[in-house]
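Every chain is numbered from 1, with letters handed out A, B, ... down the list of sequences.
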Protein chains: 2
Amino acid sequence: MKKQNVTIYDVAREANVSMATVSRVVNGNQNVKDATKQKVLNIIDKLDYRPNAVARGLASKKSTTVGVIIPNVTNTYFASLARGIDDIATMYKYNIILTNSDGNNQRELTSMNTLQAKQVDGIIFMGNEISEELRSEFKKSRAPVVLAGSVDASGKIPSVNIDYRQAVYSEVTNLINNGNDRIAFVSGPLERSINKDFRLKGYKDALTDAGIPYEKSLLFETDVSYSGGYALRERLQKNEVTAAIVTDDDMAAGVMNSMTDDGISVPGEFELATSNDTKLTEMTRPTMSTITQPLYDVGAVAMRLLTKLMNNEDIEENKVFLPFGLKKRESTK
Amino acid sequence: MKKQNVTIYDVAREANVSMATVSRVVNGNQNVKDATKQKVLNIIDKLDYRPNAVARGLASKKSTTVGVIIPNVTNTYFASLARGIDDIATMYKYNIILTNSDGNNQRELTSMNTLQAKQVDGIIFMGNEISEELRSEFKKSRAPVVLAGSVDASGKIPSVNIDYRQAVYSEVTNLINNGNDRIAFVSGPLERSINKDFRLKGYKDALTDAGIPYEKSLLFETDVSYSGGYALRERLQKNEVTAAIVTDDDMAAGVMNSMTDDGISVPGEFELATSNDTKLTEMTRPTMSTITQPLYDVGAVAMRLLTKLMNNEDIEENKVFLPFGLKKRESTK
DNA sequence: TCTCTTGATGTAACCGATTTCACTTGAATG
DNA sequence: CATTCAAGTGAAATCGGTTACATCAAGAGA
């Protein structure tokens with residue numbers, strides 16, 4: 001016995017006014033006499049009227065929803081961003097359509113299409129790499145696009161990040177100061193701009209500035225996962241590394257556990273620093289030193305930026321960089 | 001220079017057919033001659049026409065989106081369910097509107113309202129407890145509601161879970177067989193039905209069946225978080241427990257680390273079993289024994305159930321229970 | 001008193017699809 | 001050859017709002 005939905009028309013009839021007037025009071029338009037406003041409000045309450053957002057969206061061409069493309073909600077790093085996004089979205093009365101892409105180019109494109117079909121007012125994209133096709137889809141989109149925690153090699157898309165190069169630079173310099181000269185750089189695929197153009201660059205720059213020769217054999221490219229990190233032990237040992245900078249916390253936990261499981265003491269014989277400051281860094285033993293990033297804020301600021309774009313407000317700066325820090329825990333000296 | 005959107009009307013004009021016909025080919029209606037179908041398809045392709053989902057939703061009263069209420073995406077347990085939900089949703093051509101509630105009753109109600117305003121076709125709810133108000137909102141909703149990984153004391157709402165009582169029962173029995181007779185029960189708020197009516201019951205039943213007296217002082221109620229667990233050490237030690245069953249992995253990691261940090265050997269002096277089999281259980285040292293739950297599947301099956309409900313298909317069983325298991329790792333003997 | 005504004009309200013077009021119903025046609029049936 | 005039927009198609013109503021424009025009454029200014 002689900003009752004028929006109450007429409008704006010029902011309210012108008014019951015209140016003896018036109019639909020336009022009802023619409024006005026619902027939308028807070030000032031041009032309504034207080035008396036009639038009250039009358040309408042009473043009827044709305046009595047009938048338990050709730051505006052149909054779909055109809056509203058069709059008429060106004062605004063859906064008050066934004067699309068969010070995420071590699072995988074299950075990944076704490078991205079989930080933290082997503083949480084920041086949702087909170088700010090809610091604050092501005094938007095809802096979020098969430099789609100998992102697994103970083104797969106084809107699925108990212110599909111998502112873009114369905115999101116646009118659903119007339120989202122804006123899109124926040126998180127991903128490891130932006131293909132040419134995707135970039136052109138962004139450009140064609142009527143809905144503005146903002147990148148969160150994701151870099152764009154072309155540098156033209158609005159985005160919110162930290163300065164990954166500088167962050168890695170600082171952390172590596174720190175490891176160097178601790179006396180290490182064979183420092184492993186452990187990352188996901190180097191074909192990704194964020195790894196190649198920023199993090200690796202920070203690593204190289206730090207070595208150069210310290211006068212340490214760069215060795216290609218100290219680069220370890222692997223799956224961004226616990227097992228991906230765990231599997232590296234043998235190669236790391238063979239190359240006699242005494243420290244590692246790792247670009248993902250799960251991966252870092254894998255690297256560290258594989259070492260300690262083999263009886264190598266951390267940080268005594270092997271120092272390790274990671275990058276994302278997820279809560280995992282406090283749960284491992286030893287706890288992991290890390291670059292600290294305001295994950296929640298990256299998402300939040302990205303969403304805030306998107307609201308401005310959606311309102312055609314002027315933007316001071318297209319690319320915003322949030323401050324990072326270094327947190328020393330037990331895995332470094 | 002964002003171009004004006006192409007509408008069904010444009011396609012119809014260009015192809016010299018009516019809107020109805022275009023609609024038919026777009027929706028795969030059989031009653032269209034092959035020749036005209038091809039003609040329309042060509043124009044669609046030429047004009048790059050993409051149906052407006054909002055208009056479609058208004059006309060058909062189907063939005064092909066479902067609402068998902070989640071306490072916090074940042075929580076791996078719920079995020080895993082969400083991933084299962086999204087995958088199956090995508091498979092059935094639905095999108096997901098995700099809202100974080102923090103388990104807050106008021107926000108859950110607000111979410112229900114906005115989701116219904118957006119005309120979602122169905123709703124999946126994850127939460128710790130269902131208030132009377134919320135339950136009545138579920139009942140009033142035109143969109144069917146399915147619970148995922150969440151129990152309903154009234155037992156009337158369709159849901160997908162594992163048998164929490166039985167799972168805890170098995171795990172506790174296991175600890176008893178290992179020689180423990182002072183086993184702590186560590187959970188979140190006991191006012192929650194899932195903790196009180198199912199897990200605690202499993203704990204009690206196991207003790208009873210083993211002839212061990214139940215002691216209220218062995219119940220530990222705390223924040224469902226790492227720090228919540230970590231803070232319990234003193235109380236646990238004071239009560240001379242030799243083992244613990246913990247209802248959340250983060251919490252369990254907290255309990256375990258607080259013990260090992262104090263020099264207590266696990267599992268030598270203290271055994272610990274946890275409940276959710278998130279990847280964290282493999283990242284701690286020692287690794288944690290756990291109840292295994294098909295998290296992804298709970299979400300996936302819930303979504304599948306929801307699709308049936310949305311299609312008014314007959315349901316064999318309102319409440320589905322997926323099989324659980326026990327995984328022995330290093331934290332138990 | 002008459003014109004001008006301005007505030008409050010209503011009328012109706014419009015947003016972009018789906019869907020019912022009626023109509024046309026050609027083939028099958030008797 | 002008349003009748004029936006099914007396939008293919010279009011006209012128009014409809015979904016539930018927003019909004020441009022028209023209208024009207026009342027107070028302000030000359």
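Partners of A/Glu137 under the side-chain contact (heavy atoms from CB on, under 4.5 Å) rule, at least two apart in sequence or in another chain, are A/Leu109, A/Met112, A/Asn113, A/Gln116, A/Lys140, B/Arg50. Every residue meeting the salt bridge (Lys or Arg N to Asp or Glu O under 4.0 Å) condition with A/Arg83, not counting sequence neighbours, appears here in chain and number order: A/Asp87, B/Asp102. Taking the side-chain contact (heavy atoms from CB on, under 4.5 Å) definition, one finds that A/Ile315 meets it with A/Leu305, A/Lys308, A/Leu309, sequence neighbours left out.
An end-to-end axis angle of 40° holds for the helix from C/dT1-D/dA30 to C/dG30-D/dC1, taken from five base pairs per end and rounded to 10°.
Contact annotation: B/Ser60 side-chain N/O to C/dT19 OP1/OP2 distance is not under 4.0 Å. At the phosphate of C/dC15, neither OP1 nor OP2 sits under 4.0 Å from any side-chain N or O atom of B/Thr7.
No more than 12 heavy atoms of other residues, nucleotides or ligands shown are found within 6.0 angstrom of NZ on B/Lys62.
The backbone N or O of A/Thr99 lies less than 3.5 Å from no partner atom in the side chain of B/Asn95, so there is not a single donor-acceptor pair.
Looking at residues 26-35 of chain A, you'll see A/Asn31, A/Val32, A/Lys33 sit with a heavy atom under 4.0 Å from some atom of DNA chain C. Sorted by residue number, the list of members of residues 109-120 of chain B with any non-hydrogen atom under 4.0 Å from DNA chain C is empty.
A salt bridge is defined here as a Lys NZ or Arg NE, NH1 or NH2 lying under 4.0 Å from an Asp or Glu carboxylate O, and A/Lys37 with A/Asp34 fails to meet this definition.
Across the protein-nucleic acid pair, B/Arg50 atom CZ and C/dA17 atom C1' stand 17 Å apart, rounded to whole Å. Between the CE atom of A/Met19 and the P atom of C/dA13 there is a distance of 13 Å, rounded to whole Å.
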